[in-house]
Structure formats: C-alpha cells, structure tokens
Amino acid sequence: MANQILVLTVLAMTCTLVIAFEPSPLQDFCVADTTSSVPRVNGLPCLDSKLAQADHFFFGGLHLAGNTSNPLGVKITSVNVAQIPGLNTLGISLARIDYAPWGVTPPHTHPRATEILTVLEGRVAVGFVTSNPDNKLISKVLNKGDVFVFPVGLVHYQQNVGNGTAVSLSSLSSQNPGVITIANSVFGANPSISDDVLSKAFQVDKSIISNLQAKF
Ligand SMILES: *[C@@H]1O[C@H](CO)[C@@H](O)[C@H](O)[C@H]1NC(C)=O
Ligand SMILES: *[C@@H]1O[C@H](CO)[C@@H](O)[C@H](O)[C@H]1NC(C)=O
C-alpha cells in the first residue's frame, strides 16, 4: 500500500502536462525601477471602478471611410485602448482598414497580437511569412465575407487587388497590439542604423542603403 502511494505520488509529480503562455506585455519594454513604491502594472493604472461610465467602453464612427489619399493608398482607423479606455487589461482591440484601388498595407508585425481580418468590401490579397529558417509565404486572395488570420509576431501585408475601393475589419488579441512596419524600422530608424550594418545585412551597396533611408 505504501509502495502504491509512493508510485502514485511520483507519477503525479512527473506526469503533469504544462501548457503555459507568458503573460503578454502591454508595452514595448519596462525598465525596472527598484526604488519605486508604485505598484507594478502591465498596461495603464485603473480608474476607480465606481466612476466608470458607458462612454469609457464606447467608440462611434467606425462606419466612416478613412482618407486613403496617401502614397500607400491605405488608411487604418485603430480602435484600441487609446480610443476606448475600458479596453485596458482586456486583451482585445479593432482596426478598420480602407484601401484605394491597389492600395497596400506594407509588411509589418504586431508584437503583441494575433489578428483576424474580415473583408467587408472588395478583393484583398493577404499574406504572412513564417519565422526562420523556412520563411514560407502563406498567402491568399480574399473576397467579401472571407476571414484570414495573421499569427502573433509574424510579418504580414494586405493589398487591394480590385479596381474599386476595399474595406476590412480586424480584431486583434491585445488592447495595444503595437505595429512594427519593417521598412520604417530598418530604414527609418532614428538615429539611423549604420549603413555598414545595413549594406552587409542586405548584401547591397551603401548607395542603395542611403537611397532607401532617404525615403523613410
Ligand atoms: C484626404 O487627404 C488629402 C491628403 O492629406 C487631403 O488633401 C484631402 O483634402 C483629404 N480629403 C478629405 C475628404 O478629407
Ligand atoms: C481592372 O480594370 C482593368 C482595366 O479596365 C481590367 O483589365 C481588369 O480586369 C480589372 N481588374 C479587376 C480585378 O477587376
């Protein structure tokens, strides 16, 4: 009997399946302040819950088309914790994307969110690239009513591949998904990443790097 209990105890201790995920950070980084007495928060401090009102959980106007008169031909209207304070700590947000004909959302990633996109109007080509070493492009052309998922952190893009305007609505699994646009990060960093680093990284002449840096 004692042996059986011992065996069961050892089994219970060694056969526990752990399915875990790190808590999602809600800011790019958090330099520790070891002297502060302020409680640690991930996100924004909380309003006294007695003061909460409907407007803290509300955003109006997402039916309005964004102005796509810009070089990319795309306008993103974000609805995250910056627009709806009630989203703080809830791990969810929205974005409306308006596309001019052939407009492009350039390759970018959301460091803190998976995105699920629904096409409301038009025809939109989408894709994401898996991480190293495969770098496999997973892409598809979507029509009205089609839904596509961009897994957290992976580089992805969208393009209106129709002659009319297009509209999509994305849900994102963070109150503050963050956006890293690859070209802006790499060629538009301030101060600049050294052209020696970039010319080696991209295996091109430094003049091509300066040309690209000038555009961002
Ligand atoms: C759209 O944006 C362009 C460029 O900023 C501007 O010239 C134009 O007036 C805007 N259109 C509307 C309807 O706001
Ligand atoms: C866009 O318009 C061009 C020229 O009229 C036509 O050839 C093409 O098939 C159209 N493309 C789509 C996706 O409707």
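In listed order, ligands and their atoms are each counted from 1. Keep in mind the model is a prediction, meaning the values are calculated, not measured.
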Participant: At what distance is the nearest protein heavy atom to atom 8 (C) of ligand 1, and which residue and atom is it?
Facilitator: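 So the nearest neighbour among protein heavy atoms is Asn67 ND2, 3.7 Å.
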
Participant: Quick one: ring pair (Phe, Tyr, Trp, His ring centres under 6.0 Å) partners of Tyr157, sequence neighbours excluded?
Facilitator: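 Testing Tyr157 for ring pair (Phe, Tyr, Trp, His ring centres under 6.0 Å), a comparison that skips the adjacent residues, returns none.
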
Participant: Can you pull out every salt bridge (Lys or Arg N to Asp or Glu O under 4.0 Å) where at least one residue sits in residues 131-146? Sequence neighbours excluded, please.
Facilitator: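 Checked against salt bridge (Lys or Arg N to Asp or Glu O under 4.0 Å) - neighbours excluded - the pairs reaching residues 131-146 are Glu121-Lys144.
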
Participant: Are the side chain of Arg123 and the backbone N or O of Gly162 linked by a donor-acceptor pair below 3.5 Å?
Facilitator: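 Checking the backbone N and O of Gly162 against the side chain of Arg123, no donor-acceptor pair under 3.5 Å is found.
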
Participant: Look up atom 2 (O) of ligand 1 and tell me if a protein heavy atom lies less than 4.0 Å from it?
Facilitator: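 Yes, at least one protein heavy atom sits under 4.0 Å from atom 2 (O) of ligand 1.
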
Participant: For Ser93 and Ser174, indicate whether the former's side chain and the latter's backbone hold a donor-acceptor pair under 3.5 Å.
Facilitator: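 Yes; at least one donor-acceptor contact below 3.5 Å.
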
Participant: Look at atom 5 (O) of ligand 1 and say which protein heavy atom is nearest, naming residue and atom and giving the distance to 0.1 Å.
Facilitator: Ser69 O, 4.4 Å

Participant: Is there at least one protein heavy-atom neighbour under 4.0 Å from atom 11 (N) of ligand 1?
Facilitator: yes

